[in-house]
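Every chain is numbered from 1, with letters handed out A, B, ... down the list of sequences. It should be emphasised that the depicted structure is a prediction, and the values quoted were computed from it without experimental measurement.
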There are 4 protein chains.
Amino acid sequence: MPKVGMEPVRRQQLIDATIESVAELGLQGTTINSISKKAGLSSGIISHYFGGKQGLIEATVRYLLTSLKQALMNQVTPQTSPEQRLMFIVEANFSRIQQQSNNTKTWLSFWAHSMHDVQLHRLQNVNSKRLFSNLLSSFKQLMSDSDANLAAELSAAMIDGLWLRAVLSKSDQDQFEHCEQLAKDYIRSLIKQYGA
Amino acid sequence: MPKVGMEPVRRQQLIDATIESVAELGLQGTTINSISKKAGLSSGIISHYFGGKQGLIEATVRYLLTSLKQALMNQVTPQTSPEQRLMFIVEANFSRIQQQSNNTKTWLSFWAHSMHDVQLHRLQNVNSKRLFSNLLSSFKQLMSDSDANLAAELSAAMIDGLWLRAVLSKSDQDQFEHCEQLAKDYIRSLIKQYGA
Amino acid sequence: MPKVGMEPVRRQQLIDATIESVAELGLQGTTINSISKKAGLSSGIISHYFGGKQGLIEATVRYLLTSLKQALMNQVTPQTSPEQRLMFIVEANFSRIQQQSNNTKTWLSFWAHSMHDVQLHRLQNVNSKRLFSNLLSSFKQLMSDSDANLAAELSAAMIDGLWLRAVLSKSDQDQFEHCEQLAKDYIRSLIKQYGA
Amino acid sequence: MPKVGMEPVRRQQLIDATIESVAELGLQGTTINSISKKAGLSSGIISHYFGGKQGLIEATVRYLLTSLKQALMNQVTPQTSPEQRLMFIVEANFSRIQQQSNNTKTWLSFWAHSMHDVQLHRLQNVNSKRLFSNLLSSFKQLMSDSDANLAAELSAAMIDGLWLRAVLSKSDQDQFEHCEQLAKDYIRSLIKQYGA
DNA sequence: AATGAATGAGGTTTCATTCAT
DNA sequence: GATGAATGAAACCTCATTCAT
């Protein structure tokens, strides 16, 4: 049975299982067993690869954040216009839902828990600030710095707010797309309002 | 120590202690002991008055929701103008922070947990829909029904989004007031844009 | 509310409630609360009158034993023939069922518990020996001492065995009467067999 | 410590410890800790192998019933005469005592508790009916069906009654053997009385 | 590399007892 | 004489972690 080079495979198996489990049972209801069962592996392997439950949780959050970052970077090229780039930001953020059927619940669980976990809080902060600075740099190409700052703050709030309300009301895919559209429209209206 | 007529006092003591404990330790870190210790009471008393931990959690959420509703109703009179009413809605929602120093973290913990708890989810839904319908009825007095619907949806998202980002970034009081101001400005801009 | 001379009334109320509760919930499932609720009294009163749960349990067993003794003594007179007396003994033992609809289950619970409770064991022993000596003294008038001893031993076992199997199989009233008849027939056959 | 293939060993260890604990402390006094301490294992292992205390209790009863059945089956062969078979039934039932020093008290505790526990009651019923039908089939080879029925009923009661009185009076081994002899004699007298 | 048996700390709940009223 | 609020020990169960294999 022992194979070499299994490490990355096992790690990803466990991270995927964690996302699933947290989505289904919540962070509170997720146990080392619920994860390892979903992964089709033994419970001991978690300590082996991640040092413990906490390590796996953090790795999972890190993975989700990286995925989000990638989702944006994959679409943007040097030729992308600022407005187009803003639309991609929205899409990337709403795609938190689509990548894996139920990442969204997982995101929210982690968000809430980050209030009481310094490690997680640092990670979430990075993400929150990245959304803001991504928005800001694009807006800056379209308006004055101070307007761009305001626009970025409002857009970030609108994206998170629409997304949050969609998640919490257990919306279906159509409603998510509707919210994504609202977010895009709002950003366009900000450009129109403040754009030079 | 046993006295008569203590029931309402004890219930409130325990609810307050729950809010404190969830704010400080998170819902996951909150135990029957952390609560009863904060309340200065024994652990058994929780089962006595609320039937168990779950009962106390639900009672606490119900209390927070009622408080929020009261915060709004206390300010609104028949003479309040629609615009004024909208401003009060924003204030009431942001005052979730002020009433008790750290209700906010508690709110977020409950929100996240509601994804995996039917009882809590029902309660949260009531709240979410109330925010929306409060906004809607005020907007309807200022614009067409379809515009009002959109405005309410966007305002609700903006309020929640600003509030959420403020909570998660562990903002101070000043930042909260800044966010409250942004929310109010946004609503005014919606009125200007769509208002008859 | 405070009345005088309530003591015997309250004590009997609580004993009756204990019999009911043990019958319904078992000795294990019977709590100070289940008893006091059935009695329509407060929980504190049990300590007041019986010093605690254990005291009430013992008083209840004592009451059941006394009732059984009375049931026999009420029927027997100096003129009662030995055979008639033996029939009355059977009747009294089976009437453990009838007095109060479900004394039987209560009896068995106490019996079992008496294995691990010296107080109760002493009480049960008194009862067991009384059944034997009641039988013995009657048989002695009908046969030799050594035969009477054997007959008493066998009769006691037959009475308890029939009764136990009837209780455990949750028999109805008819089946109990059938068992009572079997016990009587058995005793008559012993008299015929050993009788001078 | 962890080894493979320990499951059957551990299960039996725990069942034996349960029998001991119930005999010593009663079903009421038996806790997850009293059992695991006797077994020399941790408390958690009980949930691991039996899902909880209740599961272990049931497994223990099942084990006792199976042992009783085996005790009989080991002695009976196709050549065994009906009368011999009846004697073996008595022996098997009285050997409930001998197998392990104090199974008897355990039996009685379970019996009493079965009045308030459907699972246990079902198991006990099986046992009670098996005793009866074992007796019945043997008697049928020696007398008319209706007589056999009566003989089986009386024998079952006599066996249980003698056994019960022996247990409750905390009899020693000699007394048990005396009772076993009485039961056998009684069955022989039934054969003489009704036998063709 | 991977398993899963075993542990035991910690959580919730139950409940006999106490005692101010 | 009677209440029932309050306590806290003890019970059961869960679960992250360890470690022999």
Length of the line joining [X]:[atom1] and [N]:[atom2], which is rounded to integer Å:
X       : N      : atom1 : atom2 : answer
A:Asn33 : E:dT3  : CG    : C1'   : 13 Å
D:Phe50 : F:dT14 : CZ    : P     : 16 Å
C:Lys37 : F:dT3  : NZ    : P     : 14 Å
B:Met6  : E:dC19 : CE    : C1'   : 15 Å
B:Leu14 : F:dA5  : CG    : C1'   : 13 Å
A:Ile32 : E:dA2  : CD1   : P     : 17 Å
D:Gln28 : F:dC12 : CD    : C1'   : 16 Å
C:Arg11 : F:dA2  : CZ    : P     : 13 Å

D:Leu27 side, atom CG; D:Ile57 side, atom CD1 - distance, nearest 0.5 Å: 5.0 Å
- request: Could you tell me whether D:Ile45 contacts a base, only the sugar-phosphate backbone, or nothing, with contacts defined as non-hydrogen atoms closer than 4.0 Å?
  value: base
query: Across the strands shown, which category fits A:Gly52 at heavy-atom distances under 4.0 angstrom: base, sugar-phosphate, nothing?
result: sugar-phosphate
message: Would the distance check show the side chain of D:Thr106 and the main-chain N or O of D:Ile19 forming a donor-acceptor pair, the cut-off being under 3.5 Å?
response: yes
- prompt: Taking the side chain from B:His116 and the backbone from A:Lys105, do they hold a donor-acceptor pair closer than 3.5 Å?
  reply: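 Looks like no, no N/O pair under 3.5 Å.
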message: Quick check: on DNA chain E, is the nucleotide nearest B:Gly29 upstream (toward 5') of the one nearest A:Ser42, or the reverse? Name the residue that is more 5'.
response: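 Checking each residue's closest nucleotide, the 5'-ward one belongs to A:Ser42.
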Closest nucleotide among [options] to the [X] side chain:
X       : options                : answer
D:Ser47 : E:dC15, F:dC13, F:dA2  : F:dC13
C:Leu41 : F:dT3, E:dA16, E:dT13  : F:dT3
A:Thr31 : F:dC12, F:dA16, E:dT12 : F:dA16

message: Using Watson-Crick or G-U wobble geometry with both distances under 3.5 Å, which nucleotide pairs with E:dA2?
response: F:dT21
Counting just side-chain N and O atoms, does [X] come under 4.0 Å of either OP1 or OP2 of [N]?
X       : N     : answer
B:Tyr49 : F:dA5 : no
B:His48 : F:dA6 : no
A:Arg10 : E:dA2 : yes

field: Given DNA chain F, 5'-ward residue of the pair D:Gln54 and C:Gly44, judged by closest heavy atom
entry: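 Its nearest nucleotide lies further toward 5', so the answer is C:Gly44.
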- line: Taking for C:Gly40 and for D:Gly51 the nucleotide of DNA chain F with the nearest heavy atom, the one nearer the 5' end belongs to C:Gly40
task: Please report the shortest heavy-atom distance between C:Glu58 and C:Leu120, naming the atom on each side.
output: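 Scanning both residues completely, I find the closest heavy atoms to be CG-CD1, 3.8 Å.
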- prompt: C:Ser36 and C:Ser43: side-chain donor and acceptor closer than 3.5 Å?
  reply: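 The answer is no; no qualifying pair exists.
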